[in-house]
Amino acid sequence: MRRWQDQLNPAQREVVETLSKPILVLAGAGTGKTRVITYRIARLISAGVSPERILAVTFTNKAAAEMAKRVAELLGSAHRRCPRPEVSTFHAYGLRVLRRHSARLGYPPQFSIYDRADQLEVARAALREVKATEAALRPEELIGWVSRWKSRGMDPQATADSAQTDKESLAAAAYRRYQQLLRLRGAVDFDDLLFLVEKLFSLHSELREEEAARFEHLLIDEYQDTNRSQYTIARMLAEKHRNLCVVGDDDQSIYSWRGAEPEHILRFHRDWPDAKIVRLENNYRSRQPILDWANRLVATNRHRYPKQLRGHDGGVSPRILQAHDEDHEAELVVKEIAARVRQQKIRPRDVAILVRTNDQMRPFELHLRRQKLPYWLVGGQSFYDRKEIRDLAAYLKVILNPRNDVALLRILNTPPRGIGPQTVERLLHQAVQRLCPVWEVLEDGAAEKLFGQGALEALTQFRQLILGFQHDLPRRRLDDLLRRLVDEIQYRREVERCYTSAEERERRWQTVQEFVESAGSYCRNIPEATPAGFLQELTLTSYDDDSDPQSRLDQEAVVLMTLHAAKGLEFPIVYLVGLEEGLLPHRKALELQTDQAIEEERRLCYVGMTRAQEQLILSFAVARHKRGKLVETIPSRFLYEAAGKTDHPGYQEAICGISRRAAQLARSKAARRRKTRSSAKKASAKHPKRRRSQP
DNA sequence: CCCTGCGCTTTTTTT
DNA sequence: AAGCGCAGGG
């Protein structure tokens with residue numbers, strides 16, 4: 001029973017048994033990467049390393065939860081009551097460090113975490129203040145740059161110093177203001193969770209050493225997707241004990257757009273000269289015909305370490321489906337699944353439908369519902385993206401810290417309470433002028449002259465409301481407080497106001513109750529629960545999995561998710577859909593016209609294919625609605641590459657498709673510049689004949 | 001101040 | 001197709 005080590009092959013066992021050395025595991029898809037880490041943790045503990053001296057880092061919260069569970073299973077009942085190893089994402093780890101030391105960096109202990117929508121607001125404000133027009137620099141652009149800078153450990157000063165163009169200087173100035181605004185509001189963004197930790201460690205060496213000394217072993221999964229701050233933090237933590245085990249696959253690097261640098265995995269041996277390198281190439285997941293297609297596809301990439309995965313023999317070759325448009329594509333796929341489920345050949349949970357972009361999910365959802373197949377939509381619109389959650393979270397944020405402008409402005413007139421745009425405008429103007437948060441303008445008696453009688457009354461009432469709940473906050477349990485809040489602001493009426501259909505209203509109201517309930521379960525389950533902690537967890541871990549996080553996958557449901565979300569998972573049957581030029585590879589990647597961008601798309605496709613254990617079905621539509629218009633498409637080059645048909649005329653066409661499209665783009669840009677109306681041109685694309693599965 | 005409707009742009013992937 | 005800003009009536 002205890003002899004779980006015997007279930008490993010020699011290479012895997014080597015990883016598990018090399019206990020005191022830097023170790024790099026280069027592991028292909030489906031070779032049991034995560035399994036190896038799990039076993040290694042269990043081995044360390046059974047060798048006497050105390051669990052709390054182990055830090056394991058994964059890429060997603062889901063993976064962390066899964067790994068913690070498996071370690072517990074491996075160790076069995078003897079260790080049930082033992083302390084647990086720390087298994088989390090880099091971001092969650094960063095959050096924990098920051099919570100302890102936020103004061104050192106001038107942040108309040110109850111700082112909030114800003115997500116993308118909040119960031120955009122701050123970016124807008126920052127740009128306004130440096131007097132940048134939308135044309136000069138868009139808020140989305142700014143947060144993109146800031147994110148890149150932060151992941152490289154660059155502060156505003158460093159950014160300004162290295163600015164080459166006017167636009168960069170402008171962005172650097174906006175970055176400085178952006179960061180000031182965040183601090184003023186006691187908020188951090190996602191990147192700060194790493195950036196500030198890195199800063200903290202380099203500013204205070206005693207803290208760094210103390211933190212590094214807490215752990216004796218560091219394990220990192222998906223190492224190919226670490227960005228520079230994660231890399232730096234890992235090095236700082238491991239430099240003393242040198243017990244660093246990283247696992248990754250350069251062929252599965254799909255997050256370079258987010259600052260991931262796959263070079264780290266290639267550089268490992270230089271950083272840790274005594275490192276042991278282990279390669280895992282036995283695939284335990286997929287049938288050989290599937291691997292043949294995946295191998296052939298990824299072998300097209302020029303920048304990679306060559307490897308050949310060996311898999312299970314037998315099984316059927318991948319198939320290709322062709323549809324008229326995206327709706328037909330969904331219909332074909334879902335009907336096929338439904339038919340096989342009805343014949344009891346497969347179960348819904350054996351199947352995953354993988355898409356490149358979130359909006360591809362819609363037609364599939366529709367048809368899954370129509371066919372009455374249970375499905376589980378992963379990602380999509382996340383829990384905290386819904387209006388109700390954002391509103392209530394904003395109330396809570398303001399109660400915790402009224403200096404949080406983004407949250408304050410959100411709820412100031414939600415539900416409508418007579419504070420109109422005019423009033424908000426004046427408030428904002430005052431705040432900018434005095435360089436202070438909006439709340440202080442509210443508090444300041446001098447501001448009274450600024451507003452009319454009605455507005456002033458509304459503002460005072462709002463202020464009283466917040467103050468009242470501030471007073472209650474330490475005296476009531478969080479869910480209790482939220483229930484009262486919902487009641488007092490008459491949020492139910494707001495739900496009724498915003499939505500007309502009874503069904504929608506019901507759904508929205510349910511979300512509200514779920515939110516209150518999740519606060520309740522947070523308070524019950526976490527001993528050191530605080531309202532700020534609840535909000536932080538809420539932003540960091542898309543909290544819609546409150547019921548049973550890991551058993552979701554075991555439920556009887558077809559899984560519908562993006563390729564990015566599918567990383568690390570496996571399914572007996574995979575439908576990889578939307579294989580068209582412009583979608584996979586994505587238009588944005590094609591526009592860059594760099595090998596790197598297209599190679600990442602190819603890896604993404606590779607990741608999708610290698611999720612399949614028994615069957616892989618690829619599909620594309622001959623035409624697709626874009627901006628409401630039906631546009632003809634070109635089958636993805638990846639189809640030809642994977643099928644080994646790069647001499648097929650369609651392959652050339654797929655690749656020429658970009659240049660044709662780029663030419664079109666250039667032409668239409670030129671046309672716009674001349675401000676003349678160009679006559680409509682019809683691109684008559686030829687499409688290859690319907691193809692069937694190859695033997 | 002609140003609501004409605006019109007016309008405009010805009011669409012990757014996520015912690 | 002959907003969200004946002006703007007204009008105009010209640």
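Residue numbers start from 1 in every chain, and the chains themselves are labelled A, B, ... in the order their sequence lines are given, proteins ahead of strands.
For A:Arg390 and C:dG3, the CZ to C1' distance is 15 Å, given to the nearest whole Å. Rounded to whole angstrom, the span from the CG atom of A:Leu120 across to the P atom of C:dG3 amounts to 15 Å. Distance CG (A:Asp225) to C1' (B:dT13): 11 Å, rounded to an integer number of Å. Following rounding to the nearest Å, A:Tyr114 (OH) and B:dT15 (C1') show an atom-to-atom distance of 18 Å. Computed from coordinates, the A:Glu600 CD to B:dT14 P distance equals 13 Å when rounded to whole Å. For the pair A:Asp189 CG and B:dT14 C1', the interatomic distance rounds to 14 Å; values are reported in whole Å. Put simply, NZ on A:Lys387 is 17 Å from C1' on C:dA2, counting in whole angstrom units. Computed from coordinates, the A:Asp327 CG to C:dA1 P distance equals 12 Å when rounded to whole Å.
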* Structure fact -> A correct 5'-to-3' footprint of nucleotides 5-10 of chain C, with B, S and - meaning base, sugar-phosphate only and no protein heavy atom under 4.0 Å, is ------

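Between A:Asn413 and B:dC2, a side-chain N or O to OP1/OP2 separation shorter than 4.0 Å is present. Listed pair A:Thr60 / B:dT15 fails the phosphate criterion, with no side-chain N or O lying under 4.0 Å from OP1 or OP2.
By the side-chain hydrogen bond (donor to acceptor under 3.5 Å, both in side chains) test, A:Lys199 pairs with no residue at all, sequence neighbours left out. The side-chain hydrogen bond (donor to acceptor under 3.5 Å, both in side chains) check on A:Asp191 picks up A:Ser147, with sequence neighbours excluded. Every side-chain hydrogen bond (donor to acceptor under 3.5 Å, both in side chains) that A:His367 has, sequence neighbours left out, goes to A:Asp327. The salt bridge (Lys or Arg N to Asp or Glu O under 4.0 Å) test applied to A:Arg100 returns A:Glu211, not counting sequence neighbours.
Positionally, the nearest nucleotide of DNA chain B for A:Pro416 lies more toward the 5' end than for the other of A:His91 and A:Pro416.
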* Kindly determine whether A:Phe59 and A:Tyr255 satisfy ring pair (Phe, Tyr, Trp, His ring centres under 6.0 Å), including the steps that lead there. => CA-CA 11 Å; A:Phe59 194 74; A:Tyr255 279 94; 4.6 Å; yes

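Between the side chains of A:Gln224 and A:Glu222, at least one donor N or O sits under 3.5 Å from an acceptor N or O. Judged purely by distance below 3.5 Å, without hydrogens or angles, the side chains of A:Gln230 and A:Asp225 never pair a donor atom with an acceptor atom. No side-chain donor from either of A:Tyr606 and A:Asn301 sits under 3.5 Å from a side-chain acceptor of the other.
When every heavy atom of A:His564 is checked against every heavy atom of A:Ile254, the shortest pair comes out as NE2-O, 3.2 Å.
Picking from B:dT15, B:dC1, C:dA2 the nucleotide with the shortest atom distance to the side chain of A:Arg258 gives B:dT15.
Contact annotation for A:Tyr255: backbone-only contact, meaning every heavy-atom pair under 4.0 Å involves sugar-phosphate atoms and none involves a base.
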Give each protein N/O atom lying under 3.5 Å from an N/O atom of nucleotides 9-12 of chain B, with the pair distance.
unit_1: B:dT12; atom_1: O4'; unit_2: A:His586; atom_2: NE2; d: 3.2
unit_1: B:dT12; atom_1: O2; unit_2: A:Arg356; atom_2: NH1; d: 2.9
unit_1: B:dT12; atom_1: O2; unit_2: A:Arg356; atom_2: NH2; d: 2.1

